[in-house]
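What follows is a set of notes on a single structure, which appears directly below.
Protein chains get the first letters and strands the later ones, always in sequence-line order, with residue 1 at the start of each. Side-chain atoms are counted along with the backbone in the values below, which use heavy atoms only and exclude waters and symmetry mates.
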2 protein chains.
Amino acid sequence: MAAAEASRYGARERMVFSAAQLIRRDGVAATGMREVAVHAHAPRGSLQHYFPGGKEQLVNEAVGWAGRYAGKRVDRFLAALSEPTPSGLFGEMVRQWTDEYTAVGFAGGCPVAAATVDCAETSAPTREAASAAFADWSGSVARALTGMGVPQERAGALATLMISALEGAILVARAERDVRALTTVARELGPLLDAAVR
Amino acid sequence: MAAAEASRYGARERMVFSAAQLIRRDGVAATGMREVAVHAHAPRGSLQHYFPGGKEQLVNEAVGWAGRYAGKRVDRFLAALSEPTPSGLFGEMVRQWTDEYTAVGFAGGCPVAAATVDCAETSAPTREAASAAFADWSGSVARALTGMGVPQERAGALATLMISALEGAILVARAERDVRALTTVARELGPLLDAAVR
DNA sequence: CGTTGTTTATGACGGCGGTCATAGTAGTTC
DNA sequence: GAACTACTATGACCGCCGTCATAAACAACG
C-alpha cells in the first residue's frame, strides 16, 4: 500500500495510483506531474510516454481508477458480511474511513471529490470521469442493496443517499479532524436503510 | 449578486466576497489573487494592504464569510417556513442549490468544501476556518431543529447528517450536471428528519 | 549485426502566480 | 502647509509547473 514497490506493478499503473493518492491529499491543482513520478518511483520521462494527453489524462485515469476501486471495495464488503443488511454495508463503507483516519490521520479525502471540486468547471472530460466514477460506485452499492431485498426503484436512490452522506461526512471529518461526522451519519442513517428491505 | 458594484460595499469586503465566489468555482489553488482583485473591481494594491497575511488570510476570511452566510441563510429559511418542520427546512436548503443549478448552471460548489479539499493538509489555519464554518452552519441548523421539537441530543446529529448529505449531493450533482442527487437526498431524508420531532 | 519500437533522460521554454519593494496619491489633523 | 495615516500603483523577483524537443539506452527479432 505504501510507496508502491517498483516491481509488482508497471510504472504506468504506479503513476496512476500515485496520482490518485496525491490528488486525494492536496487536490488536483496542487499535485504536480514531477511529484507524481517521484512518488511512484517512476522515471520522469515516462510521463510523456504513457500520458501523451498530459496532466488531464493522468488525472482522469486516476479518477477512473478510484471509482472502480470504490466499486470493488463495496463488493468485497458485501461478500464479507455474514448477514448482509444495508446498514451493515454502510457501516463498513464508513468504517473504512474511520479506520484510516484513526490509524494514519486525516491527510486524505476522496480523490473523486477533489477532482470534482477542482476541475468540474475547468475540464469537461475530468468532470465526466468523476461522474463515471460515482456511477461505478453507486452501481455497486445499488446492486448490493437489491441483493438484500431492497426494491429496485429504491436501491438507486438509497445508493445516492449513502454516497452523498459519506462524501459529505468525509469532508466534515477532515475539516474537524474528528471522525464524529462519519460515525454520526452511519448511526443516523442505519435504521432508514434497513427499513427499505421488504 | 453579480459583479458586486463598487459602491455598496468596501473594497475589502468585495474581495472576500469575490474570493469565495472564485474558490467555489475553481478551487483554492486555481484562484489567483490578481484574479480576485479584478473580479471584485478592486485595486490590486489593496491586496497587500487589507490582507497582509497573503492568500491564506484571504482564503480564510472567504471561508469564514461562507460559513456565516450559510448560517444566516438557514435562519432565514426557518423564518420563512409557515409551519416549520425538519424536512421543510432541509427541502429549502436543498432547493437553494437546485434553483441555482437549474437557473445558472453547475459552475459553483461549496467554498468550504473546496477549501477543505485543497487546504486541509496544507494549511492548518484554513482547515480550522473550514471547521468553524461547518460549526456555524451546523449550529444554526441544530438550533432550528430544537425549535421544532427535536430533542437536543438528536439535533446536533441530525444537523451533521443534513449538512453531510447536502455537501455530498452537491458534489455528485456537479459531477453529473444533474440535480438528481440533490432531490433524491431531500426526498429520502425527509421522513427520517420529521420522525425526530417528539 | 542492424533495425525497429519501446522506454527513459534531460534540458529548455514560456507562463503564471504569490510576494516584496518602492513610490506615489488622497484625505485628515494639528 | 506639514506631518501622518490610509490607500493605491507598479514593476520586479523567484519559483514552480506543464509541456516540448531531442537524444540516448535498451530490448526483441530478423
Side-chain angles (χ1 to χ4, degrees), chain A residues 4-23 25-63 114-115 118-119 121-126 129, chain B residues 4-23 25-63 114-115 118-119 121-126 129:
Chain A
E5 315 92 42
S7 36
R8 295 184 69 90
Y9 296 94
R12 212 199 117 101
E13 271 181 288
R14 293 202 313 272
M15 285 193 277
V16 172
F17 185 79
S18 287
Q21 285 191 280
L22 295 174
I23 288 169
R25 205 184 52 190
D26 302 321
V28 172
T31 297
M33 311 243 86
R34 293 168 171 85
E35 190 188 358
V36 170
V38 169
H39 184 275
H41 301 292
R44 202 193 105 193
S46 300
L47 282 169
Q48 285 186 70
H49 189 249
Y50 290 118
F51 308 96
K55 185 175 187 175
E56 188 175 72
Q57 182 186 353
L58 178 56
V59 170
N60 293 354
E61 296 204 21
V63 169
D118 276 359
C119 309
E121 196 56 18
T122 310
S123 156
T126 301
Chain B
E5 314 89 44
S7 37
R8 296 183 68 94
Y9 297 94
R12 212 197 115 99
E13 272 181 288
R14 294 203 312 274
M15 286 192 277
V16 172
F17 185 80
S18 287
Q21 285 191 281
L22 295 174
I23 287 169
R25 208 185 48 189
D26 301 322
V28 172
T31 297
M33 312 242 85
R34 294 167 171 87
E35 190 189 358
V36 170
V38 169
H39 184 275
H41 300 291
R44 202 193 106 193
S46 300
L47 281 169
Q48 283 188 70
H49 189 250
Y50 290 118
F51 308 97
K55 185 175 187 176
E56 187 175 73
Q57 182 185 354
L58 176 57
V59 170
N60 293 353
E61 296 204 22
V63 168
D118 275 0
C119 310
E121 196 56 16
T122 310
S123 157
T126 302

For the student: nearest non-hydrogen atoms of [X] and [Y], plus distance:
X         : Y        : answer
Glu35(B)  : Gly32(B) : OE1-N, 3.1 Å
Met15(B)  : Leu58(B) : O-CD1, 4.0 Å
Ala115(A) : Val28(A) : CA-CG2, 3.8 Å

Item checked: Range on DNA chain C touched by chain B, heavy atoms, distance below 4.0 Å ->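 Counting from the 5' end, contacts occupy dG17(C) to dA21(C).
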
Next item on the list: Output yes when at least one side-chain N/O atom of Ser46(B) is less than 4.0 Å from OP1 or OP2 of dT8(D), else no.
Entry: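 Yes.
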
Can you measure [X] atom [atom1] to [N] atom [atom2] for me and round it to whole angstrom units?
X        : N       : atom1 : atom2 : value
Asp26(A) : dC17(D) : CG    : P     : 11 Å
Leu47(A) : dC17(D) : CG    : C1'   : 12 Å
His49(A) : dA25(D) : NE2   : P     : 17 Å

Next item on the list: Using heavy atoms and a sub-4.0 Å distance, could you list which residues of residues 51-62 of chain A are near DNA chain D? By number, please.
Entry: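 Close to the strand are Gly54(A), Lys55(A).
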
Margin query: For the OG atom of Ser18(A) and the NE2 atom of His41(A), what is their distance to the nearest 0.5 Å?
Written below: 7.5 Å

Check: Sequence neighbours excluded, which residues qualify as side-chain hydrogen bond (donor to acceptor under 3.5 Å, both in side chains) partners of Asn60(B)?
Finding: Thr126(B)

Item checked: Residues in side-chain hydrogen bond (donor to acceptor under 3.5 Å, both in side chains) contact with Thr31(A), at least two apart in sequence or another chain ->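 Applying side-chain hydrogen bond (donor to acceptor under 3.5 Å, both in side chains) to Thr31(A) gives none.
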
Item checked: Residues forming a side chain to side chain contact (heavy atoms under 4.5 Å, CB included) with Ala29(B), sequence neighbours excluded -> Ala29(A), Asp118(B)

Margin query: Among residues at least two apart in sequence or on other chains, which ones pass side chain to side chain contact (heavy atoms under 4.5 Å, CB included) with Arg34(B)?
Written below: Arg44(B)

Got a list of protein N/O to nucleotides 12-16 of chain D N/O distances below 3.5 Å?
| from | atom 1 | to | atom 2 | distance (Å) |
| --- | --- | --- | --- | --- |
| dA12(D) | N6 | Arg34(B) | NH2 | 3.3 |

Next item on the list: Check whether any side-chain heavy atom of Val16(A) lies under 4.5 Å from a side-chain heavy atom of Tyr50(A), and answer yes or no.
Entry: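 No. Closest side-chain heavy atoms not under 4.5 Å.
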
Notebook entry, point to check: Does the side chain of Met33(B) come within less than 4.5 Å of Phe51(B)'s, by heavy atoms?
Noted result: no

Next item on the list: For Gln48(A) and for Ala30(A), find the nucleotide of DNA chain D with the closest heavy atom, then tell me which residue's nucleotide is more 5'.
Entry: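 Going by which nucleotide is closer to the 5' end, it is Ala30(A).
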
Check: Which pairs pass salt bridge (Lys or Arg N to Asp or Glu O under 4.0 Å) with one or both residues in residues 47-61 of chain B, sequence neighbours excluded?
Finding: Arg12(B)-Glu61(B)

